[in-house]
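Scroll down for the structure; my scribbles are underneath it.
All values derive from a computational prediction rather than experimental measurement.
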Amino acid sequence: MYDNEVVAVHNSSFEVSDGEFVVLVGPSGCGKSTMLRMIAGLESITEGTLRIGDRVVNDVPPKDRDIAMVFQNYALYPHMTVFENMAFGLKLRKFPKDEIRKRVEQAADILGIHEIIDRKPKQLSGGQRQRVAVGRAIVRKPQVFLFDEPLSNLDAKLRVQMRTEISKLHRQLGATMIYVTHDQVEALTMGDRIVVLRDGHIQQIDRPLDLYGKPRNRFVGGFIGSPAMNFIDGKIIRDEGLKFRAMGNAFTLRLDEVRIENLERYDGREVVLGIRPEDIYVANSAYVPEAVAETDFLLDVTEPMGNEIFLYARTLDQEVVARVAPQRLPEPGQSVRLALDLSKLHFFDSESELAVDEENAPAAAA
């Protein structure tokens, strides 16, 4: 809580196992960096208990928490060499010179920065500076590594390279790492588990594939995945079997092959259908799975991406994005028949926005 008024993080509780890589992800202002700073001791905790190992550290100063933090800005001392920057923290703790040199050289080996060990920060690229910042954390050999959006200042190609290197580093060190990012691609590719935050509340904690395949609510479904999940308002009806009818009667999908717990309870209720762009296909193409429902859309725009095509289409007020394999498509402004994979449909309660197969989904009205 800030200034006894603004609650940045609400009643959040989770455990990070020894050696686990956990990613905190969410939009700007969701509380992820505040949560990391509370773990580091840079922000006070209004309520609750924080443990690192077997020790309660609520009132322990940051320097005594046995953590190392890597920030978005590299925070290197410009007048010091790479070696001196990496060694500085150990010197403050009065480590023997031989031990300092040994640890710095080990970290330089791991990060592949031996050739720049005598340079100063102004002589380094962004990627090299970030490696030095990570190396400065490695030499500490802390219980927990904390990363606060460390790749945000790098260009796209270097971000991909560095996230791979950090993942390799985690496997090599077997260290416990907590990583903050707003980039859901970083979260999916790096984390053993992901904590999704929104407005200071934890929305879901899960493994990457489970988070992607079974989002707990509409926010998680829309935040995880790129392009974002399509959402279509409509109603569950019973007409020779269970069906979904889009708002405005734009289209109707049969649901006889959909196996979602609690869906029967929504007969006659408004719901939101969610489907990812990669689960929509051009009908009668070579890539369509077996269990699909087809409907006609008006093609608005196509975006060839090389190995795939983003296809933007609409019917009445309903718009969808499809991510399809390269193929011949109608011209924009013409009709295109799309096939929706019935095994990949998601349904969310219109009011609570929870997935309908959540245990606390509301019962259908009598």
Side-chain angles (χ1 to χ4, degrees), residues 23 25-27 182-191 194 196 198 203-204 206-234 236 244 246-247 250-255 257-261 263 271-283 285-297 299-315 317-327 329 336-350 353-358:
V23 179
V25 69
H182 65 275
D183 186 335
Q184 49 93 16
V185 174
E186 274 184 29
L188 287 172
T189 55
M190 297 177 73
I194 301 172
V196 182
R198 179 191 189 190
Q203 302 294 301
Q204 187 170 350
D206 228 324
R207 293 171 296 184
L209 291 181
D210 292 332
L211 201 67
Y212 173 86
K214 197 174 180 180
R216 184 175 181 270
N217 58 35
R218 176 172 174 167
F219 173 79
V220 175
F223 188 79
I224 299 296
S226 181
M229 179 182 283
N230 296 292
F231 294 110
I232 300 169
D233 294 321
I236 299 296
F244 170 80
M247 201 64 70
F251 61 86
T252 301
L253 302 179
R254 58 180 176 79
L255 303 178
E257 297 188 57
V258 175
R259 300 289 179 263
I260 295 181
E261 188 179 349
L263 193 55
V271 296
V272 178
L273 166 67
I275 184 165
R276 297 196 180 280
E278 49 270 36
D279 297 323
I280 302 176
Y281 303 81
V282 178
S285 69
Y287 314 99
V288 181
E290 291 184 4
V292 297
E294 298 182 1
T295 189
D296 291 316
F297 286 80
L299 183 59
D300 278 336
V301 177
T302 59
E303 292 181 344
M305 308 296 288
N307 64 327
E308 59 190 4
I309 299 173
F310 291 172
L311 182 156
Y312 297 82
R314 58 186 167 87
T315 176
D317 292 332
Q318 307 293 344
E319 298 180 353
V320 298
V321 182
R323 188 176 188 169
V324 303
Q327 59 194 279
L329 294 170
V336 60
R337 191 163 182 80
L338 299 180
L340 283 64
D341 187 342
L342 292 174
S343 69
K344 300 294 179 65
L345 301 184
H346 303 266
F347 289 95
F348 304 95
D349 184 276
S350 291
E353 297 193 347
L354 288 170
V356 302
D357 55 358
E358 284 291 311

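Shown here are the side-chain contact (heavy atoms from CB on, under 4.5 Å) partners of Thr315, two or more places apart in sequence or in another chain: Ala250, Phe251, Phe297, Gln318. With sequence neighbours excluded, the residues forming a side-chain hydrogen bond (donor to acceptor under 3.5 Å, both in side chains) with Asp300 are Arg314, listed by chain and number. Looking at residues two or more places apart in sequence or on another chain, you find a side-chain hydrogen bond (donor to acceptor under 3.5 Å, both in side chains) between Arg323 and Glu308. With sequence neighbours left out, Arg337 forms a side-chain hydrogen bond (donor to acceptor under 3.5 Å, both in side chains) with Glu294, Asp296. Arg254 pairs by the side-chain hydrogen bond (donor to acceptor under 3.5 Å, both in side chains) definition with Asp256, Glu257, not counting sequence neighbours.
Counting only heavy atoms from C-beta outward, the side chains of Leu255 and Leu345 approach each other to under 4.5 Å. With a 4.5 Å cut-off on side-chain heavy atoms, Val258 and Phe244 do not count as touching. Met229 places a side-chain heavy atom less than 4.5 Å from the side chain of Pro215. Two residues are said to be in side-chain contact when any heavy atoms from C-beta on lie closer than 4.5 Å; Gln204 and Phe219 fail this criterion.
In terms of modelled atom types and a separation under 3.5 Å, the side chain of Glu186 and the main chain of Val23 share no donor-acceptor contact. Judged purely by atom type and a 3.5 angstrom limit, Asp357 has no side-chain atom pairing as donor or acceptor with the backbone of Ile260. In this structure, Gln184 contributes its side chain and Gly225 its backbone to a donor-acceptor pair below 3.5 Å.
Put simply, CD on Gln327 and CG on Leu329 are 5.0 Å apart, with the number rounded to the nearest 0.5 Å. Distance check, rounded to the nearest 0.5 Å: CZ of Phe347 to CD1 of Ile232 gives 9.5 Å. With rounding to the nearest 0.5 angstrom, the CZ atom of Arg259 is 10.0 Å from the CG atom of Leu342.
Taking both residues in full, the closest heavy atoms of Ala325 and Ile309 are given as O-CD1, 4.2 Å, listed atom of the first, atom of the second, then distance. Counting all heavy atoms, side chain and backbone alike, Phe231 lies closest to Gly222 at CZ-N, 3.6 Å. In this structure, Asn230 and Val320 approach most closely via the heavy-atom pair OD1-CA, 3.3 Å.
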Item to complete: Please test Leu338 against Leu311 for side-chain contact (heavy atoms from CB on, under 4.5 Å), starting from the C-alpha separation and ending with a verdict.
Response: CA-CA 10 Å; Leu338 299 180; Leu311 182 156; 4.3 Å; yes
Practice prompt. Would you sort out whether Met247 and Asp317 count as a side-chain contact (heavy atoms from CB on, under 4.5 Å), showing the intermediate values?
Written response: CA-CA 8 Å; Met247 201 64 70; Asp317 292 332; over 6 Å; no
For residues 271-282, please give each side-chain donor-acceptor pair under 3.5 Å, one per line with the distance, not counting sequence neighbours.
unit_1: Arg276; atom_1: NE; unit_2: Tyr212; atom_2: O; d: 3.3
unit_1: Arg276; atom_1: NH1; unit_2: Gly221; atom_2: O; d: 3.4
unit_1: Arg276; atom_1: NH1; unit_2: Ile224; atom_2: O; d: 2.6
unit_1: Arg276; atom_1: NH2; unit_2: Tyr212; atom_2: O; d: 3.0
unit_1: Arg276; atom_1: NH2; unit_2: Ile224; atom_2: O; d: 3.3
unit_1: Glu278; atom_1: OE2; unit_2: Tyr212; atom_2: OH; d: 2.3

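Figure legend: Arg198 and Phe223 shown without cation-pi pairing, the cationic atom not lying both under 6.0 angstrom from the six-membered ring centre and within 45 degrees of its axis.
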